Amino acid sequence: MIGRRAVLAGLAVAPLLEAAGMAATDPGFGAVRRLDPAFDRIVAPAASVRRLASGFRWAEGPVWVPAQNALLFGDPPSNTVHRWTAAKGVEVFLRPSGLRTPVPASIREPGLNGIALDARGRLIGADSGSRAIVRIDLETRRRDVLVDRFEGKRLNSPNDLCVAKSGAIYFTDPTYGLADGDGSTLREVPWCGLYRLSPDGKLDLLDKSHRRPNGVALSPDERTLYLSLSDEAQPEVLAYALDAKGMPGERRRFLDLRAEHAAGRPGLPDGIKVDARGNVFATGPGGVHGCDADGRVLGVVETGKAVANCAIGEGGRTLFMTSSDMLAAIQLES
């Protein structure tokens with residue numbers, strides 16, 4: 001059976017990769033498609049894509065950790081979170097990152113997927129292997145399960161998340177981490193949901209209408225919640241208007257990537273991040289689509305492979321991209 005990763009990567013089968021390590025900058029690697037002059041105010045005009053490391057099974061969910069001056073990112077199939085620094089390159093930071101028991105055949109991705117930081121600098125992770133949202137202290141590595149059930153039923157395999165200033169956590173719960181996907185016998189909820197976990201532990205189901213909910217992100221004023229759909233039939237990004245309590249109301253199509261998908265560009269809508277000025281970096285067919293707050297695509301950063309997710313780091317100066325088997329980066333105009 002061809003899994004979601006193969007579809008996202010535009011491959012028939014997943015390749016067997018070598019151990020992760022530093023890779024020299026490739027002058028001919030990647031490309032930047034500038035569709036609007038305004039893109040020069042987001043991605044430095046002379047910037048080029050740099051490959052920082054390679055050899056991962058499927059690189060995912062990056063987050064910049066200012067206290068460590070480092071990037072953390074996952075490899076869910078390998079049950080590992082790596083740390084990258086300019087000085088040392090890539091090191092193993094957490095293994096196992098998710099499921100801490102022998103991995104059964106029913107679990108495709110045992111590790112952490114999307115990760116973020118809360119206001120106290122703790123790691124909040126979508127643990128697809130343990131099928132839970134977890135919190136990890138970066139110093140002690142203590143792990144606490146924040147939620148693993150909705151109305152008494154086990155979640156599918158939490159995939160991506162973002163944290164509001166209030167401490168509320170928005171997350172998606174598709175079936176990507178289960179070996180048999182939608183047909184898995186492990187499933188207890190019959191939908192792939194978008195949820196909000198409030199600081200007091202209350203879990204609200206916000207939307208259960210999508211086949212392939214994936215990346216989530218908040219606008220700087222937290223009045224808009226973005227949701228990426230990794231759906232071959234509906235490859236798009238939605239925007240939900242949030243009320244004062246952080247609950248969604250009207251939703252609209254923010255970005256339609258059907259044409260890019262139909263053209264055979266690698267990947268599907270996946271991870272999504274928003275900078276301090278409200279510019280949206282949405283991964284999708286062809287790379288990372290840089291958009292203004294109105295959904296106008298200003299340019300696309302390409303790696304030549306599917307880009308699963310991205311993160312803004314180094315004080316807003318760098319866009320890091322987890323792309324199939326590698327970690328890449330490009331300079332931003334901070």
Side-chain angles (χ1 to χ4, degrees), residues 3-5 8 14 17 19-20 55-63 65 70-84 90-118 122-150 153-163 169-181 184-189 192-193 195 197 203 213-216 230 270-271 308-309 311 322 324-325 327:
R4 181 187 72 103
R5 297 305 184 203
L8 283 171
L17 302 173
F56 312 105
R57 289 179 64 186
W58 183 263
E60 259 288 6
V63 65
V65 184
L71 183 83
L72 297 180
F73 66 99
D75 186 346
S78 297
N79 207 358
T80 303
V81 166
H82 298 280
R83 175 168 56 188
W84 176 90
V90 173
E91 306 168 290
V92 171
F93 180 76
L94 193 62
R95 181 187 290 159
S97 65
L99 191 63
R100 290 180 288 177
T101 62
V103 180
S106 56
I107 296 294
R108 176 184 289 135
E109 298 178 353
L112 289 183
N113 199 308
I115 53 179
L117 299 180
D118 69 8
R122 297 171 298 187
L123 195 70
I124 307 298
D127 186 341
S128 59
S130 298
R131 302 166 65 192
I133 301 298
V134 300
R135 181 176 61 215
I136 301 172
D137 186 293
L138 294 181
E139 297 299 325
T140 66
R141 311 297 171 90
R142 173 181 168 140
R143 178 191 303 252
D144 296 301
V145 174
L146 301 181
V147 68
D148 62 0
R149 285 170 169 79
F150 176 71
K153 297 180 180 180
R154 287 292 302 274
L155 297 172
N156 292 315
S157 60
N159 184 78
D160 204 1
L161 51 76
C162 62
V163 182
I169 301 167
Y170 296 87
F171 70 92
T172 55
D173 182 45
T175 59
Y176 306 147
L178 306 179
D180 294 322
S184 174
T185 58
L186 297 179
R187 294 191 73 182
E188 297 182 20
V189 293
C192 295
Y195 294 89
L197 179 65
L203 183 62
N214 201 321
V216 284
S230 295
D270 200 326
N309 213 324
T322 48
S324 184
D325 61 336
L327 174 66

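In this text the structure is predicted, and so the values were computed from the model without any measurement.
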Colleague: Considering all heavy atoms of both residues, which atom of Glu60 and which atom of Phe73 are nearest to each other, and what is their separation?
Modeller: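 Scanning both residues, the minimum pair turns out to be O-CB, 3.5 Å.
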
Colleague: State, with a plain yes or no, whether a side-chain heavy atom of Leu138 is found less than 4.5 Å away from one of Leu72.
Modeller: yes

Colleague: Do you know which two heavy atoms are closest between Ser157 and Ser128, and how far apart they sit?
Modeller: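 Here Ser157 and Ser128 meet closest at CB-O, 3.7 Å.
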
Colleague: Is Arg122 close to Asp144 at the side-chain level, that is, under 4.5 Å between some pair of heavy atoms?
Modeller: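 Heavy-atom side-chain distance check fails, nothing below 4.5 Å.
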
Colleague: Spell out, as yes or no, whether a donor-acceptor pair under 3.5 Å connects the side chain of Arg143 to the backbone of Ser97.
Modeller: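 Yes: the side chain of Arg143 pairs with the backbone of Ser97.
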
Colleague: What verdict does the side chain to side chain contact (heavy atoms under 4.5 Å, CB included) test give for Val63 and Leu117, after you've listed the backbone C-alpha separation in whole Å, the side-chain angles of each residue and the deciding distance to 0.1 Å?
Modeller: CA-CA 8 Å; Val63 65; Leu117 299 180; 4.1 Å; yes

Colleague: Taking the side chain as every heavy atom from C-beta outward, state whether Asp75 and His82 have any pair of such atoms under 4.5 Å apart.
Modeller: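 Asp75 vs His82: side chains touch.
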
Colleague: About how many Å separate OG of Ser130 and CG of Asn79, when rounded to the nearest 0.5 Å?
Modeller: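 Asn79 atom CG to Ser130 atom OG measures 8.0 Å (nearest 0.5 Å).
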
Colleague: Hey, does the side chain of Asp325 reach the backbone of Gly55 with a donor-acceptor pair shorter than 3.5 angstrom?
Modeller: no

Colleague: Tell me, yes or no, whether the heavy-atom count around Arg142 atom CZ, taken from other residues, nucleotides or ligands under 6.0 Å, exceeds 12.
Modeller: no

Colleague: Looking only at heavy atoms, what is the nearest atom pair of Pro110 and Pro76, with distance?
Modeller: CD-O, 3.2 Å

Colleague: Any side-chain heavy atom of Leu146 sitting closer than 4.5 Å to one from Ile124?
Modeller: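 They are in side-chain contact.
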
Colleague: Within a strict 4.5 Å, meaning less than it, do heavy atoms of the Val65 and Phe93 side chains meet?
Modeller: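 No; the side chains remain at least 4.5 Å from each other.
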
Colleague: With rounding to the nearest 0.5 angstrom, report the CH2 to OG1 distance, Trp84 to Thr322.
Modeller: 14.0 Å

Colleague: Could you tell me if Asn214 and Asn159 have a donor-acceptor pair between their side chains, going purely by distance under 3.5 Å?
Modeller: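 Yes, because at least one side-chain N or O of Asn159 sits under 3.5 Å from a partner of the opposite role on Asn214.
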
Colleague: Could you tell me which non-hydrogen atom of Leu161 sits nearest to which non-hydrogen atom of Ala116, and how far apart they are?
Modeller: CD1-CB, 3.5 Å

Colleague: Indicate whether the side chain of Asn156 and that of Arg187 have a donor and an acceptor atom separated by less than 3.5 Å.
Modeller: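 The answer is yes; a qualifying pair exists.
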
Colleague: Does any non-hydrogen side-chain atom of Val134 lie less than 4.5 Å from one of Leu112?
Modeller: yes

Colleague: With distance as the sole test, does Arg154 use its side chain to make a donor-acceptor pair with the main-chain N or O of Arg149 at under 3.5 Å?
Modeller: no

Colleague: At their closest point, which heavy atom of Tyr170 faces which heavy atom of Val216, and how far apart are they?
Modeller: O-CG2, 3.7 Å

Colleague: Got a second to check how far Leu123's CG is from Ile136's CD1, nearest 0.5 Å?
Modeller: 5.5 Å

Colleague: Side chains of Asp160 and Tyr176, heavy atoms from C-beta outward: is any pair under 4.5 Å?
Modeller: no

Colleague: Measuring from Thr101:OG1 to Leu99:CG, what's the distance to the nearest 0.5 Å?
Modeller: 3.5 Å

Colleague: Could you go step by step and tell me if Val147 and Tyr195 meet the side chain to side chain contact (heavy atoms under 4.5 Å, CB included) rule?
Modeller: CA-CA 11 Å; Val147 68; Tyr195 294 89; over 6 Å; no

Colleague: Do Phe150 and Leu155 come close enough that some side-chain heavy atom pair is under 4.5 Å?
Modeller: yes

Colleague: Closest heavy-atom contact between Asp148 and Ala132?
Modeller: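 Smallest heavy-atom distance, with atoms named: CB-CB, 3.6 Å.
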
Colleague: Would Thr172 and Cys192 satisfy side chain to side chain contact (heavy atoms under 4.5 Å, CB included), going step by step from the backbone distance to the final call?
Modeller: CA-CA 7 Å; Thr172 55; Cys192 295; over 6 Å; no

